[in-house]
Amino acid sequence: MAFSSDSMLQKIFAKSPAFDSNKRVFGKPVSISGGAISCNERNLKSKGKIAVKAAAEADVMGLKNHEVNLDLGFDVVAERELREKGFLGMRKTKLVCTIGPACCSLEDLERLAMRGMNVARLNMCHNTREWHRDVIRKIRKLNELKGFSVSVMIDTEGSLIHVVDHGVPSSLKAEEGSVWVFTAQKFEGSRPFTVQANYQAFSEGIMVGDELVIDGGMARFEVVEKMGNDLHCKCTDPGLFLPRAKLSFWRDGKLSYHGLPTLSPKDWADVDFGISEGVDFIAMSFVNDADSVKDLKNYLFAKTSKSIRVLAKIETLESLQKLEEIVEASDGIMVARGDLGVEVPLEQIPTVQEDITRLCRQMNKPVIIASQLLESMVEYPTPTRAEVSLSSITSNGMMAAAFLDMA
Ligand SMILES: Nc1ncnc2c1ncn2[C@@H]1O[C@H](COP(=O)(O)OP(=O)(O)OP(=O)(O)O)[C@@H](O)[C@H]1O
Ligand SMILES: CC(=O)C(=O)O
């Protein structure tokens, strides 16, 4: 059955009265279109926010083949294969783990590898390049000394409007009717009822009456006044601002587009860093068309003889419109459900995920299903029954990958 991105997006819009598929999204006509893992390693839990994500993948590359004979813990056959074949192993659902400060020691990484991590993901949004370099080198050392075949993926930050992380761990509560100032002016610490955005031109084109949505619906505001570049916004739906909460603006049920490039200057510097560290994958955030993927692939081709695979992250409506060409241009796809859920109504995520997976299968490209698979394990040592069921359905389905967060 042929895939139609038109039909997928039509389905989304049909069920979401806020959307009008005949209107324009991002200034363009919306022709639209339309593995699970358990991570019971309690020691890896962090006091702060740390992520461990797990994903599965069908493709492979450049893996080592070590003869090892260690004490193989939980499942001798599974682990032997993991060591010997890494990404090429028979287990169809592979695991990608996001490494943060709570699980970055050599011992933590070894435990993750022993329990099935195929790929270590480093989210370049966080921490310093020195920190990432240190983790990459530890993984290489582990592969070398212990015979694992863990690959390394860096994930670009991408151009995104979000709240500046002041380093304050707690979230802020916005009460209904309260008026907040959203500004790009830089200031240290926090100011009452003031939120700092990361992008200087964040309010360009925004008008009084537009809706500001925090993290895809965590809280909502109406723009009541624009003063210079600052926006005064009244809370219409109370909720929390988490550190680095994402900001999106809507008018008449349509998302306003800021025209930010897929790869920012910082992302290009991170790509160079990835090249110099010989990473295996680059996951590209906020891909909106095939050209950005091709540009990155051409750049990599010109800069390194190593085959670094480019995975396009599907997390915007625009990327859904051009899904087929993006899948064609990429070495694999990540369904980034966290950010996708900001633009696509949550109830549509399962269908979108399934459609993307089917298309990837048809086009013989690996697909990673990312985010919140076992989210309750951020706080608790065991997942909920619902999470286990959904993870199982996901990994037994057609997709090649699943993704787990542990914060
Ligand atoms: N290298 C790191 N250093 C410090 N904290 C990290 C690191 N990687 C992840 N984290 C923490 O774990 C949380 C989850 O990270 P994760 O990469 O899953 O997603 P994210 O930052 O919320 O967004 P996205 O996946 O959309 O880029 C982050 O918000 C951050 O607090
Ligand atoms: C992984 C990621 O970027 C997301 O789910 O948004």
Side-chain angles (χ1 to χ4, degrees), residues 35-39 41 44 50-63 78 82 85-89 91-100 102-104 108-126 132 135-136 138-140 142-143 148-158 274 277 279-285 287 308-315 330-340 353 356-357 360 365-375 377-378 383 387 391 394-395 397 399-407:
I37 305 88
S38 104
C39 201
E41 188 49 69
L44 293 177
I50 296 302
V52 172
K53 296 186 173 181
E57 239 251 12
D59 198 20
V60 185
M61 43 227 72
L63 301 168
L82 187 68
K85 299 198 173 136
F87 235 51
L88 285 170
R91 192 185 64 198
K92 287 186 178 155
T93 301
K94 307 290 198 293
L95 309 182
V96 179
C97 302
T98 301
I99 308 301
C103 54
C104 66
D108 291 336
L109 293 168
E110 183 173 356
R111 277 202 292 273
L112 285 168
M114 292 279 282
R115 281 156 181 77
M117 169 170 70
N118 297 99
V119 179
R121 167 183 178 258
L122 294 165
N123 188 346
M124 301 307 285
C125 294
H126 307 291
H132 291 292
V135 175
I136 293 172
K138 280 182 196 147
I139 292 164
R140 302 284 184 230
L142 199 61
N143 286 345
F148 286 106
S149 299
V150 175
S151 304
V152 174
M153 173 193 296
I154 58 166
D155 194 328
T156 60
E157 181 164 359
E277 291 300 319
V279 301
D280 305 287
F281 301 95
I282 296 178
M284 198 179 180
S285 296
V287 168
I308 300 179
R309 307 298 170 112
V310 175
L311 305 175
K313 290 173 69 181
I314 303 299
E315 47 194 341
S330 319
D331 298 309
I333 291 293
M334 185 193 293
V335 186
R337 300 186 299 183
D339 284 310
L340 193 58
Q353 166 183 316
I356 297 171
T357 305
C360 289
K365 295 286 170 85
V367 55
I368 296 173
I369 302 296
S371 296
Q372 297 179 337
L373 237 87
L374 303 176
E375 185 74 4
M377 291 184 75
V378 169
E387 285 169 340
S391 300
T394 308
S395 60
M399 63 156 225
F403 201 101
L404 160 82
D405 271 348
M406 204 171 85

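Side chains are part of it too, since the values below use all heavy atoms of this structure and drop only hydrogens, waters and symmetry mates.
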So, for [X] and [Y], which heavy atoms are closest and what is the spacing to 0.1 Å?
X	Y	answer
Val150	Ala113	CG2-CB, 3.9 Å
Val135	Cys104	CG2-CB, 4.0 Å
Lys365	Ser330	NZ-O, 2.8 Å
Val279	Ile308	O-CG1, 3.4 Å
Ala370	Ala336	CB-CA, 4.3 Å

Any heavy-atom pair between the side chains of [Y] and [X] that's under 4.5 Å?
X	Y	answer
Met117	Glu110	no
Phe281	Val119	yes
Cys360	Ile333	yes
Ile314	Met334	no
Lys138	Asn143	no
Ile368	Val335	no

Partner residues of Thr156 under the side-chain hydrogen bond (donor to acceptor under 3.5 Å, both in side chains) criterion, sequence neighbours left out:
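Thr156 satisfies side-chain hydrogen bond (donor to acceptor under 3.5 Å, both in side chains) with no other residue.
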Please check: side-chain N/O of [X] versus main-chain N/O of [Y], any donor-acceptor pairing under 3.5 Å?
X	Y	result
Asn118	Leu95	yes
His132	His126	yes
Asp280	Val152	yes

[atom1]-[atom2] distance between [X] and [Y], expressed to the nearest 0.5 angstrom:
X	Y	atom1	atom2	value
Leu109	Cys97	CG	SG	9.5 Å
Leu340	Ser371	CG	OG	10.0 Å
Ile282	Met284	CD1	CE	9.0 Å
Met124	Glu157	CE	CD	9.5 Å

Kindly write out the residues that satisfy salt bridge (charged side-chain N to carboxylate O under 4.0 Å, His left out) with Glu387, not counting sequence neighbours, or none if the list is empty.
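Salt bridge (charged side-chain N to carboxylate O under 4.0 Å, His left out) list for Glu387, sorted by chain: empty.
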May I ask you to say whether Arg115 pairs ionically with Asp108, meaning some side-chain N is under 4.0 Å from a carboxylate O?
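Salt bridge: no.
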Salt-bridge test for Asp155 and Lys313: reply yes if a basic N is under 4.0 Å from a carboxylate O, no otherwise.
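The answer is yes: the pair qualifies as a salt bridge.
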Knowing that exactly one of Gln353, Gln372, Glu315 qualifies, which makes a side chain to side chain donor-acceptor pair (under 3.5 Å) with Arg337?
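For Arg337, the side chain to side chain donor-acceptor pair (under 3.5 Å) check succeeds only for Gln353.
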